[in-house]
Amino acid sequence: QVQLVESGGRLVQAGGALRLSCVASGTSIGINFIGWYRRAPGEQRDLVARFTRDGGIIYADSVKGRFTISRDNAQNTMYLQMNNLKPGDTAVYYCNAHIQQDEPSGRWYDYWGQGTQVTVSS
């Protein structure tokens, strides 16, 4: 089965930086990385950054100017570079992608990663 495998989350001090990675592993016909979302303790899952259909990028206001989303389709990988981290960035970060399964129907599925914990201390 295709999986979105995330890495890079850890404890970091305020003002520090992290780069999250999301790798699509397994057999598939097509992969379209959508973006990154996060869930803070006791909160709902919110958009961090995502790609738009016309090739643009949308960032949450709270991360604009600090975070950068990118993808390397040849490596089946999406990244989130996070600079000048703040305690408010503490959350579980999730990778989202649409994946076309290697099956007769060729159906596309909405996939989420397992989540990676980012903790920012003050």
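Quantities reported herein were computed from a predicted structural model and do not represent experimental measurements.
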Of all the heavy-atom pairs spanning A14 and S122, show the shortest one and how long it is. CB-CA, 4.3 Å
Going through the distances and angles, do I69 and V48 end up as a side-chain contact (heavy atoms from CB on, under 4.5 Å)? CA-CA 9 Å; I69 188 173; V48 177; over 6 Å; no
Test your reading of the model: is there a side-chain donor-acceptor pair from D46 to the backbone of R39, 3.5 Å cut-off? no
Do any pairs count as a salt bridge (Lys or Arg N to Asp or Glu O under 4.0 Å) and have a residue in residues 63-91, sequence neighbours left out, and if so which ones? R38-D89, D61-K64, R66-D89
Applying a strict under-4.5 Å side-chain criterion to I, L, V, M, F, W and Y, I'd like to know whether F33 and V5 cluster together. no
Shortest non-hydrogen contact from M78 to S70? CG-O, 3.3 Å
Going hydrophobic residue to hydrophobic residue with side-chain gaps under 4.5 angstrom, can you get from L20 over to L11? no
Cluster companions of I34 among Ile, Leu, Val, Met, Phe, Trp, Tyr (side-chain spacing under 4.5 Å): none
Side chain Q117, main chain G9, donor-acceptor under 3.5 Å: no
T119 side chain to T90 backbone, donor-acceptor under 3.5 Å: no
Pairs where residues 3-13 contributes a residue and the test side-chain hydrogen bond (donor to acceptor under 3.5 Å, both in side chains) is met, not counting sequence neighbours: none
How long is the span from the OH atom in Y111 to the CG atom in N96, to the nearest 0.5 Å? 12.5 Å
Show every ring pair (Phe, Tyr, Trp, His ring centres under 6.0 Å) that has at least one partner inside residues 39-83, sequence neighbours left out. none
Mind listing the closest non-hydrogen atom pair of A17 and Q81 along with its distance? CB-NE2, 4.1 Å
I58: hydrophobic cluster co-members (side-chain, 4.5 Å): Y37, L47, V92, Y94, W112
Where do C22 and L4 come nearest, in terms of heavy atoms and distance? SG-CB, 3.9 Å
Quick note, salt bridge (Lys or Arg N to Asp or Glu O under 4.0 Å) partners involving residues 90-116, not counting sequence neighbours, are none
